[in-house]
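Remember, it's a predicted structure, so these values are computed and weren't measured experimentally. Along the sequence shown, residues are numbered consecutively beginning with 1.
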Amino acid sequence: MSNIQEWFASIDVDRSGELDVRELQRALSMGNLNFGISDVDQMIRAFDTRGRRRLSFPEFQRLHEFLVNIQNSFAYFDADRSRTLQTNEVQQALQHAGFRLDLPVLAAMMSRHDPDNSGTLTLDEYIRMCLFLQSCVRTFTAFDPQRTGKITLDFNQWVYAASHVA
């Protein structure tokens, strides 16, 4: 059994073979990632492929890999070691991850995920932003199966899509 499987088994308190929001919140706090219930629910929804609001081991494994990659990216692009990312560092990190966002879009994303209006993102704020982008990709892709990069939505589809973006 791998370390991650052992960790999953140890945090699956109810032995259901899946993690609910409280179990995942507890696991994240063990790794010094302290998120509220709504943030943890967003993580689950971003990686729950079955729509159960619980994570199976493979889904948890994908979330774990995502979080490790985000933390590594954060550390790499935090050039001044301030433990925050400035807008230009966020832009570089997102470009490295494959996102080419226009400056007005980046500014809107920074505004949404920078609650103290500091002009920088802490690790937890950056994780929230990346989860938001992950959710955007998943929702957008549902409407763009041919991967053209463009979609057209009527109002009902827009409301449906917006309700699935955390």
Side-chain angles (χ1 to χ4, degrees), residues 1-101 105-106 108-116 118-142 164-166:
M1 184 180 281
S2 72
N3 287 344
I4 193 164
Q5 286 174 311
E6 291 173 11
W7 187 35
F8 181 87
S10 73
I11 57 181
D12 180 17
V13 177
D14 64 5
R15 302 291 180 243
S16 66
E18 301 174 318
L19 299 182
D20 65 21
V21 69
R22 299 245 182 250
E23 290 169 325
L24 182 58
Q25 184 183 39
R26 199 170 20 258
L28 292 168
S29 69
M30 287 181 208
N32 293 319
L33 295 174
N34 299 303
F35 290 98
I37 289 293
S38 63
D39 292 326
V40 176
D41 182 58
Q42 179 183 350
M43 288 180 197
I44 288 175
R45 286 185 288 130
F47 288 87
D48 171 20
T49 59
R50 301 162 302 137
R52 296 174 40 102
R53 304 278 284 265
R54 298 171 66 86
L55 295 181
S56 65
F57 175 70
E59 293 164 338
F60 172 74
Q61 194 169 20
R62 283 191 294 280
L63 171 61
H64 180 265
E65 290 168 11
F66 175 82
L67 291 172
V68 167
N69 288 337
I70 295 302
Q71 288 173 306
N72 290 340
S73 174
F74 185 92
Y76 181 82
F77 287 99
D78 179 16
D80 61 0
R81 302 295 175 240
S82 63
R83 303 178 104 189
T84 62
L85 294 182
Q86 298 172 3
T87 302
N88 65 320
E89 293 170 326
V90 171
Q91 184 179 30
Q92 291 170 4
L94 293 178
Q95 282 179 349
H96 184 262
F99 293 100
R100 306 274 184 249
L101 302 177
V105 174
L106 181 61
M109 294 272 296
M110 287 293 293
S111 177
R112 176 180 174 153
H113 295 93
D114 179 18
D116 62 358
S118 66
T120 63
L121 297 181
T122 61
L123 176 59
D124 61 326
E125 292 166 346
Y126 182 64
I127 289 171
R128 284 184 192 94
M129 177 186 279
C130 291
L131 284 166
F132 174 76
L133 281 170
Q134 174 83 7
S135 183
C136 287
V137 166
R138 185 173 172 184
T139 303
F140 188 91
T141 302
H164 282 83
V165 175

Start with the C-alpha gap between I127 and F74, add the side-chain angles, then the distance that decides, and say whether side-chain contact (heavy atoms from CB on, under 4.5 Å) holds. CA-CA 9 Å; I127 289 171; F74 185 92; over 6 Å; no
Apply side-chain contact (heavy atoms from CB on, under 4.5 Å) to residues T84 and Y126 and explain how you reach the verdict. CA-CA 9 Å; T84 62; Y126 182 64; over 6 Å; no
Show, in sequence, the C-alpha distance, side-chain angles and deciding distance for V90 and T120, and conclude whether the side-chain contact (heavy atoms from CB on, under 4.5 Å) test is met.
CA-CA 9 Å; V90 171; T120 63; over 6 Å; no
Checklist entry - Under the side-chain contact (heavy atoms from CB on, under 4.5 Å) criterion, do F60 and L24 qualify, and how do the steps go? => result CA-CA 9 Å; F60 172 74; L24 182 58; 4.0 Å; yes
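Using a 4.5 Å heavy-atom cutoff, the side chains of L85 and T122 are not in contact. N34 places none of its side-chain heavy atoms less than 4.5 Å from the side chain of D124. R128 places a side-chain heavy atom less than 4.5 Å from the side chain of E125. With contacts defined as side-chain heavy-atom distances shorter than 4.5 Å, the pair D114/D116 qualifies. By the 4.5 Å heavy-atom criterion applied to side chains, H64 and V68 are counted as neighbours. Contact annotation: the side chain of F57 never approaches that of D12 to less than 4.5 Å [non-hydrogen atoms, C-beta and beyond]. Side-chain contact between F47 and Q134: present, with at least one pair of heavy atoms (C-beta onward) separated by less than 4.5 Å. Side chains of M129 and L121 form a contact here, defined as non-hydrogen atoms less than 4.5 Å apart.
For R15 (side chain) and A9 (main-chain N/O), a donor-acceptor pair under 3.5 Å exists by modelled atom type. Judged purely by atom type and a 3.5 angstrom limit, S10 uses its side chain to pair as donor or acceptor with the backbone of W7. Side-chain N or O atoms of S29 include one that pairs as donor or acceptor with a backbone N or O of R26 at under 3.5 Å. Using modelled atom types, one side-chain atom of R100 and one backbone atom of Q95 make a donor-acceptor pair closer than 3.5 Å.
Between the CG atom of N69 and the OG atom of S73 there is a distance of 8.5 Å, given to the nearest 0.5 Å. Rounded to the nearest 0.5 Å, atoms CD (E89) and OG (S82) are 6.0 Å apart. Rounding to the nearest 0.5 Å places CD of Q91 at 12.5 Å from CD of Q86. Atom CG of D14 sits about 6.0 Å away from atom CG of D20, to the nearest 0.5 Å. A distance of 11.5 Å separates CG of L131 from CD1 of I44, quoted to the nearest 0.5 Å. Taken from CD in Q25 to CD1 in I37, the straight-line distance is 3.5 Å, to the nearest 0.5 Å.
When all heavy atoms of Y76 and R81 are compared, the closest pair comes out as O-NH1, 4.2 Å. Of all the heavy atoms in F8 and G17, the pair that sits closest is CZ-O, 3.5 Å. Counting all heavy atoms, side chain and backbone alike, C130 lies closest to L94 at SG-CD2, 4.4 Å. Across every non-hydrogen atom of R112 and F132, the tightest pair is NH1-CE1, 3.0 Å.
Using a 4.0 Å cut-off between charged nitrogen and carboxylate oxygen, R54 and D48 do not count as a salt-bridge pair. Taking 4.0 Å as the cut-off between side-chain N and carboxylate O, R50 and E59 count as a salt-bridged pair. Classification of D41 and R53 as a salt-bridged pair holds, one side-chain N sitting under 4.0 Å from a carboxylate O.
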